[in-house]
Participant: 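Take this structure first; my questions come after.
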Amino acid sequence: MKATAPPAKRRRGPRLAVLALVFCSLLVPIAFLFNRFPAVYVTDERPQQEITLPSFDRLVVEGDRIVHEVPRQGGRDVNAETEDEHGKNSKGNIDLHHQIDTEHKVKVLPPPKVEQVKPVPVPVPPRKDFSDNMRRPRVPSADELEKAKACQLEFGSYCLWSIEHKEVMKDAIVKKLKDQLFVARSYYPSIAKLKGKEALTRELKQNIQEHERVLSESIVDADLPSFIKKKIERMDRAIARAKSCTVDCNNVDKKLRQILHMTDDEAHFHMKQSAYLYNLGVHTMPKSHHCLNMRLTVEYFKSTTLDSDDSPVHKFNVPDHRHYVILSKNVLAASVVINSSVSSSEETRNVVFHVLTDAQNFYAMKHWFSRNAYRESAVNVINYEHIILENLPEFSMQQLYMPEEFRVFISSFERPTEKSRMEYLSVFSHSHFFIPEIFKDLKKVIVLDDDVIVQRDLSFLWNLDMGDKVNAAVKFCGLRLGQLRNLLGEAMYDPQSCAWMSGLNVINLEKWREYNVTENYLQLLEKFRNNDDEASLRAAALPISLLSFQNLVYPLDERLTLSGLGYQYGIEEKVIRTSASLHYNGNMKPWLELGIPNYRKYWKRFLARDERFMDECNVSP
């Protein structure tokens with residue numbers, strides 16, 4: 001007989017390689033999404049204030065140094081080192097998309113004289129008192145607030161959303177099974193080493209396996225089998241016998257700590273998964289909105305007249321009329337801004353809304369506003385990309401950029417127990433700086449973000465005497481330019497000057513052209529952009545917006561706009577109703593299912609009713 005050859009050994013290398021590739025394919029999308037919001041840490045001369053601006057860019061005031069953050073590349077963190085004022089190298093988490101050139105002074109021309117300006121008062125009509133039967137927000141515990149402080153640095157507004165939507169575990173039996181399983185696992189290795197305890201070892205092992213099998217099939221009490229109480233009793237007896245044995249407590253403690261660390265790692269992994277889905281939800285257009293855009297676009301081209309605009313064209317360029325400018329890629333958001341504005345206005349005869357949108361949404365916008373009338377006002381839909389390409393070919397900014405938002409974390413070194421608060425700072429995007437070039441015949445406009453609704457008549461703003469100022473805005477003094485000195489470089493600025501918010505801004509186009517704000521913006525852009533990628537371009541929006549309007553901002557009354565409705569829970573209903581306008585800045589926009597329910601109702605009031613395409617696409621008002 002011939003001797004048979006032994007079976008060939010199976011190679012484990014290819015298997016491990018395939019598993020590694022699968023694992024990496026799961027991690028790469030998560031890493032890519034989270035790095036859409038890199039961070040920069042900046043310092044303040046006063047050590048009492050710590051500022052963090054993580055959003056499209058994140059900034060944190062920390063000691064006397066600036067730490068840049070860059071996106072991960074190939075799943076790795078790319079750390080950059082910068083020198084602080086004392087010459088020491090500080091290592092950061094990531095570097096900003098651009099490196100700011102601090103060797104050249106940035107000139108902002110021409111600097112007008114600085115004078116104290118009193119904020120314009122907001123006329124608020126008397127309203128009846130509201131009842132105290134308002135929904136009171138859930139008050140997070142001190143432990144939740146402490147965890148949220150660290151969580152927000154990594155996951156942002158997801159932490160606030162998760163706290164608000166936290167569900168208390170009501171399945172007591174499942175919790176009991178998990179607790180028993182942890183204790184049994186911690187004792188099992190020590191009991192298995194004891195002589196004469198073979199029966200107890202087998203009993204513990206059997207009970208552990210049975211608990212694992214049950215928990216793999218049941219996650220709520222209703223799914224548990226009818227005989228589960230007997231299993232719990234058997235496990236209790238086995239644990240009691242194990243505790244009565246003389247074992248090395250260090251081994252049990254070590255095992256418990258090991259299980260605790262594994263549980264923490266598993267919880268953090270699930271938090272990453274949840275945060276990924278949350279960010280995916282807030283950055284993705286809802287399916288119903290996409291359907292609406294497609295239906296409107298198709299209907300536009302099916303129309304025989306191709307939506308010839310019946311609005312009086314002469315209205316669009318009359319300087320004495322009241323012109324509002326809205327940058328938007330969202331049909332419903334733009335319509336709500338317009339509807340809320342005309343609903344709150346006493347006179348709409350000479351009101352014109354200019355909607356700047358991109359080529360993709362232009363035809364949907366055109367068809368929507370040709371179907372819907374807004375009292376006596378006129379709506380002018382403009383293809384921003386087309387008009388820049390046609391009339392301003394020398395400018396490279398042909399893409400429409402929406403207002404940029406930066407998350408700001410503010411805490412105090414003097415009061416470390418005080419909860420740090422998170423704010424969203426909205427500033428002009430690069431597209432805003434070409435408004436005077438697009439509307440060359442106009443003298444003054446009011447710029448509205450598409451996440452704003454108007455609740456009061458804003459006609460008094462047209463009589464506002466801004467003096468030599470260009471931009472009338474609500475100031476945000478929680479952040480001063482001096483705290484961003486490492487980000488702003490060697491530019492000339494007043495360190496005590498406050499930042500300002502976009503959302504509702506009155507723009508004096510005549511003064512804008514007189515002070516050459518657009519030309520100054522282009523000079524600053526050359527200094528602050530590192531390369532031509534979109535991330536670097538958007539990252540430069542914060543310093544450019546703040547420096548371009550240095551000494552050119554007229555302060556509006558803070559009561560004119562209530563911000564924070566896109567991230568801040570617990571705003572009183574009375575405050576919301578008495579505000580002249582509401583700004584849903586933040587991730588939780590009112591048109592998303594993830595929007596804060598208590599605030600979405602104010603936005604939904606101005607949605608169109610009985611609109612055929614909304615019904616066909618299941619867009620519920």
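The first residue of the sequence shown is numbered 1, and numbering continues consecutively from there.
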Participant: What's the separation between atom NE2 in His321 and atom CG in Leu442, rounded to the nearest 0.5 Å?
Facilitator: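 Reported value, rounded in 0.5 Å steps: 11.0 Å.
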
Participant: Could you walk me through whether His323 and Phe316 pass the ring pair (Phe, Tyr, Trp, His ring centres under 6.0 Å) test, one step at a time?
Facilitator: CA-CA 8 Å; His323 296 268; Phe316 295 156; 8.5 Å; no

Participant: Report the C-alpha separation of Tyr300 and Trp368 in whole Å, then their side-chain angles, then the decisive distance to 0.1 Å, and conclude whether the ring pair (Phe, Tyr, Trp, His ring centres under 6.0 Å) test is met.
Facilitator: CA-CA 9 Å; Tyr300 174 88; Trp368 175 272; over 10 Å; no

Participant: Between Val427 and Phe406, is there a side-chain heavy-atom distance shorter than 4.5 Å?
Facilitator: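 Side-chain contact under 4.5 Å: yes.
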
Participant: With sequence neighbours left out, write down each residue that passes side chain to side chain contact (heavy atoms under 4.5 Å, CB included) with Asn508, or none if nothing qualifies.
Facilitator: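 So Asn508 forms a side chain to side chain contact (heavy atoms under 4.5 Å, CB included) with Met466, Glu510, Lys511.
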
Participant: Does Thr518 reach the main-chain N or O of Phe433 with its side chain, forming a donor-acceptor pair under 3.5 Å?
Facilitator: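 At least one qualifying donor-acceptor pair exists.
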
Participant: Can you name the nearest heavy-atom pair linking Leu565 to Tyr599, along with the distance?
Facilitator: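 That would be O-CD1, 3.3 Å.
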
Participant: Are there more than 12 heavy atoms of other residues, nucleotides or ligands under 6.0 Å from atom NZ of Lys475?
Facilitator: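 Count over threshold, so yes.
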
Participant: How many angstroms lie between CG in Leu292 and SG in Cys617, if you round to the nearest 0.5 Å?
Facilitator: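 So the gap between those two atoms works out to 5.5 Å.
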
Participant: Is the backbone of Ser579 close enough, under 3.5 Å, to the side chain of Gln455 for a donor and an acceptor to pair up by distance?
Facilitator: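 Such a contact is found between Gln455 side chain and Ser579 backbone.
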
Participant: Is atom CD of Glu376 surrounded by more than 12 heavy atoms (other residues, nucleotides or ligands) closer than 6.0 Å?
Facilitator: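 For Glu376, atom CD is crowded (more than 12 foreign heavy atoms under 6.0 Å).
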
Participant: What are the two closest heavy atoms between Val381 and Met365, and how far apart are they?
Facilitator: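 Smallest interatomic distance, heavy atoms only, reads CG1-CB, 3.7 Å.
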
Participant: Do other residues, nucleotides or ligands put more than 12 heavy atoms under 6.0 Å from the CD atom of Glu593?
Facilitator: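 It does not: Glu593 CD has 12 such atoms or fewer within range.
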
Participant: Could you check if a side-chain atom of Tyr384 sits within less than 4.5 angstrom of a side-chain atom of Phe434, using non-hydrogen atoms only?
Facilitator: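 Yes, side chains in contact.
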
Participant: List the steps and the verdict of side chain to side chain contact (heavy atoms under 4.5 Å, CB included) for Val506 and Trp462.
Facilitator: CA-CA 8 Å; Val506 184; Trp462 295 104; 5.9 Å; no

Participant: What do the steps show when you test Asp449 against Ser502 for side-chain hydrogen bond (donor to acceptor under 3.5 Å, both in side chains), and what is the final call?
Facilitator: CA-CA 7 Å; Asp449 288 359; Ser502 71; 3.3 Å; yes

Participant: Can you measure from CD (Glu572) to CD1 (Ile576) and round to the nearest 0.5 angstrom?
Facilitator: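 Interatomic distance, Glu572 CD to Ile576 CD1, rounded to 0.5 Å: 9.0 Å.
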
Participant: Report yes if some heavy atom in the side chain of Asp451 is under 4.5 Å from a heavy atom in the side chain of Asn330; otherwise report no.
Facilitator: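 A side-chain contact under 4.5 Å is absent here.
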
Participant: Between His430 (side chain only) and Tyr401 (backbone N and O only), is there a donor and an acceptor less than 3.5 Å apart?
Facilitator: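 Between the backbone of Tyr401 and the side chain of His430 there is no qualifying donor-acceptor contact (under 3.5 Å).
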
Participant: Assess the residue pair Ser341 and Leu448 against the criterion (side chain to side chain contact (heavy atoms under 4.5 Å, CB included)); give the C-alpha distance rounded to whole Å, side-chain angles, the decisive distance to 0.1 Å, and a yes or no.
Facilitator: CA-CA 10 Å; Ser341 299; Leu448 297 172; 3.9 Å; yes

Participant: For Tyr584, is there any backbone N or O sitting under 3.5 Å from a side-chain donor or acceptor partner on Lys589?
Facilitator: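 Flag set: sc Lys589 to bb Tyr584 pair under 3.5 Å.
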
Participant: Looking at Trp591 and Ala333, what are the two nearest heavy atoms and their distance?
Facilitator: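 What the structure gives for the nearest pair is CZ3-CB, 3.7 Å.
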
Participant: Just verifying a value: how many Å separate Phe353 CZ and Tyr324 OH, rounded to the nearest 0.5 Å?
Facilitator: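 Those atoms lie 6.0 Å apart.
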
Participant: Is there a side-chain contact between Ser343 and Phe606, using heavy atoms and a 4.5 Å cut-off?
Facilitator: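 Yes, side chains in contact.
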
Participant: Under 3.5 Å, is there a donor-acceptor pair between the side chain of Asn505 and the main chain of Gly503?
Facilitator: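 Between the backbone of Gly503 and the side chain of Asn505 there is a qualifying donor-acceptor contact (under 3.5 Å).
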
Participant: Between Tyr602 and Leu582, is there a donor-acceptor pair closer than 3.5 Å when you use the side chain of the first and the backbone of the second?
Facilitator: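 Not at all, since once roles are kept as given, no pair shorter than 3.5 Å links the two residues.
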
Participant: Donor-acceptor check, side chain of Asn585 to backbone of Tyr424, threshold 3.5 angstrom: yes or no?
Facilitator: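 A pair under 3.5 Å: yes.
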
Participant: Which heavy atom of Glu611 sits nearest to which heavy atom of Asn372, and what is that distance?
Facilitator: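 It is OE1-OD1, 3.5 Å.
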
Participant: Is Asn293 close to Val331 at the side-chain level, that is, under 4.5 Å between some pair of heavy atoms?
Facilitator: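 In contact.
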
Participant: So, taking the atom named CZ in Phe613 and the one named SG in Cys291, what distance separates them when rounded to the nearest 0.5 Å?
Facilitator: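 Here the rounded value is 10.0 Å.
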
Participant: Looking at Val454, is its backbone amide N or carbonyl O close enough to the side chain of Ser340 to form a donor-acceptor pair, meaning the two atoms are under 3.5 Å apart?
Facilitator: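 Present.
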
Participant: What heavy-atom pair brings Pro590 and Arg600 nearest, and what distance separates the two atoms?
Facilitator: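 Closest approach of Pro590 to Arg600, heavy atoms only: O-NE, 3.0 Å.
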
Participant: What heavy-atom pair brings Arg456 and Thr578 nearest, and what distance separates the two atoms?
Facilitator: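 Where Arg456 meets Thr578 most closely, the heavy atoms are NH2-CA, 3.5 Å.
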
Participant: To the nearest 0.5 Å, how far apart are OG1 in Thr561 and NE2 in His583?
Facilitator: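 That separation rounds to 8.0 Å.
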
Participant: Going through the checks in order, is the ring pair (Phe, Tyr, Trp, His ring centres under 6.0 Å) test met by Tyr363 and Phe301?
Facilitator: CA-CA 8 Å; Tyr363 299 107; Phe301 287 103; 4.8 Å; yes

Participant: Any chance you could lay out the side chain to side chain contact (heavy atoms under 4.5 Å, CB included) test for Leu296 and Val298, step after step, and finish with the verdict?
Facilitator: CA-CA 6 Å; Leu296 289 170; Val298 171; over 6 Å; no

Participant: List the steps, then state whether side chain to side chain contact (heavy atoms under 4.5 Å, CB included) holds for Leu356 with Ile326.
Facilitator: CA-CA 6 Å; Leu356 298 178; Ile326 303 167; over 6 Å; no

Participant: Side chains of His432 and Leu327, heavy atoms from C-beta outward: is any pair under 4.5 Å?
Facilitator: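 They are in contact (side-chain heavy atoms under 4.5 Å apart), so the answer is yes.
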
Participant: Side chains of His367 and Thr297, heavy atoms from C-beta outward: is any pair under 4.5 Å?
Facilitator: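 No; the side chains remain at least 4.5 Å from each other.
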
Participant: Is a donor on one side and an acceptor on the other found under 3.5 Å between the side chain of Arg375 and the backbone of Val342?
Facilitator: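 Pair found, side chain donor or acceptor close to backbone of Val342.
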
Participant: Test salt bridge (charged side-chain N to carboxylate O under 4.0 Å, His left out) on Arg349 and Glu347 and set out the steps.
Facilitator: CA-CA 6 Å; Arg349 186 179 306 169; Glu347 178 62 45; 3.6 Å; yes

Participant: Taking only residues two or more places apart in sequence, or in another chain, which ones meet Ile387 in a side chain to side chain contact (heavy atoms under 4.5 Å, CB included)?
Facilitator: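 With sequence neighbours excluded, Ile387 shows a side chain to side chain contact (heavy atoms under 4.5 Å, CB included) to Ile382, Asn391, Ile438, given in chain and number order.
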
Participant: So do the side chains of Asp358 and Gln399 get within less than 4.5 Å of each other, counting heavy atoms only?
Facilitator: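 Not in contact.
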
Participant: Begin with the C-alpha distance, continue with both residues' side-chain angles, and end with the deciding distance and a verdict on ring pair (Phe, Tyr, Trp, His ring centres under 6.0 Å) for Phe549 and Trp500.
Facilitator: CA-CA 10 Å; Phe549 294 100; Trp500 53 271; 5.5 Å; yes

